[in-house]
Amino acid sequence: MARSPALRGKAGFAHPVSVQLVDSLASVLPRQDGALHLAVCPAEGAISWTWDASSIEPEAMADLRAGFAAMLESHARACEAPLGDLPVLT
């Protein structure tokens with residue numbers, strides 16, 4: 001899934017953004033090569049977020065995480081819906 005670097009009309013953060021599927025969050029090493037990294041562990045039902053605080057303001061990170069949580073909650077209610085049809089901010 002792609003997302004524009006602009007968040008609600010505000011300046012965004014620098015790319016790259018990476019997402020990695022892992023077997024265990026304990027094995028994930030912090031990455032230094034991007035503004036945002038998500039490590040997703042289906043077996044643990046957990047996600048690890050790491051980001052460059054000099055590239056992403058705390059308010060923007062909180063907004064991004066809230067939008068991601070809203071998308072996951074929407075998916076739980078309508079698991080057959082395509083991801084593109086799910087709301088990401090409400």
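Among pairs with a residue in residues 38-59, those fulfilling ring pair (Phe, Tyr, Trp, His ring centres under 6.0 Å) read Trp49-Phe68, at least two apart in sequence or across chains.
Remark: Asp23 engages no residue in a side chain to side chain contact (heavy atoms under 4.5 Å, CB included) (not counting sequence neighbours).
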Considering only distance and modelled atom types, tabulate donor-acceptor pairs under 3.5 Å from the side chains of residues 35-45, sequence neighbours left out.
| unit_1 | atom_1 | unit_2 | atom_2 | d |
| --- | --- | --- | --- | --- |
| His37 | ND1 | Ser18 | OG | 2.4 |
| His37 | NE2 | Gln20 | OE1 | 3.3 |
| Glu44 | OE2 | Ser24 | OG | 3.4 |
| Glu44 | OE2 | Leu25 | N | 3.3 |

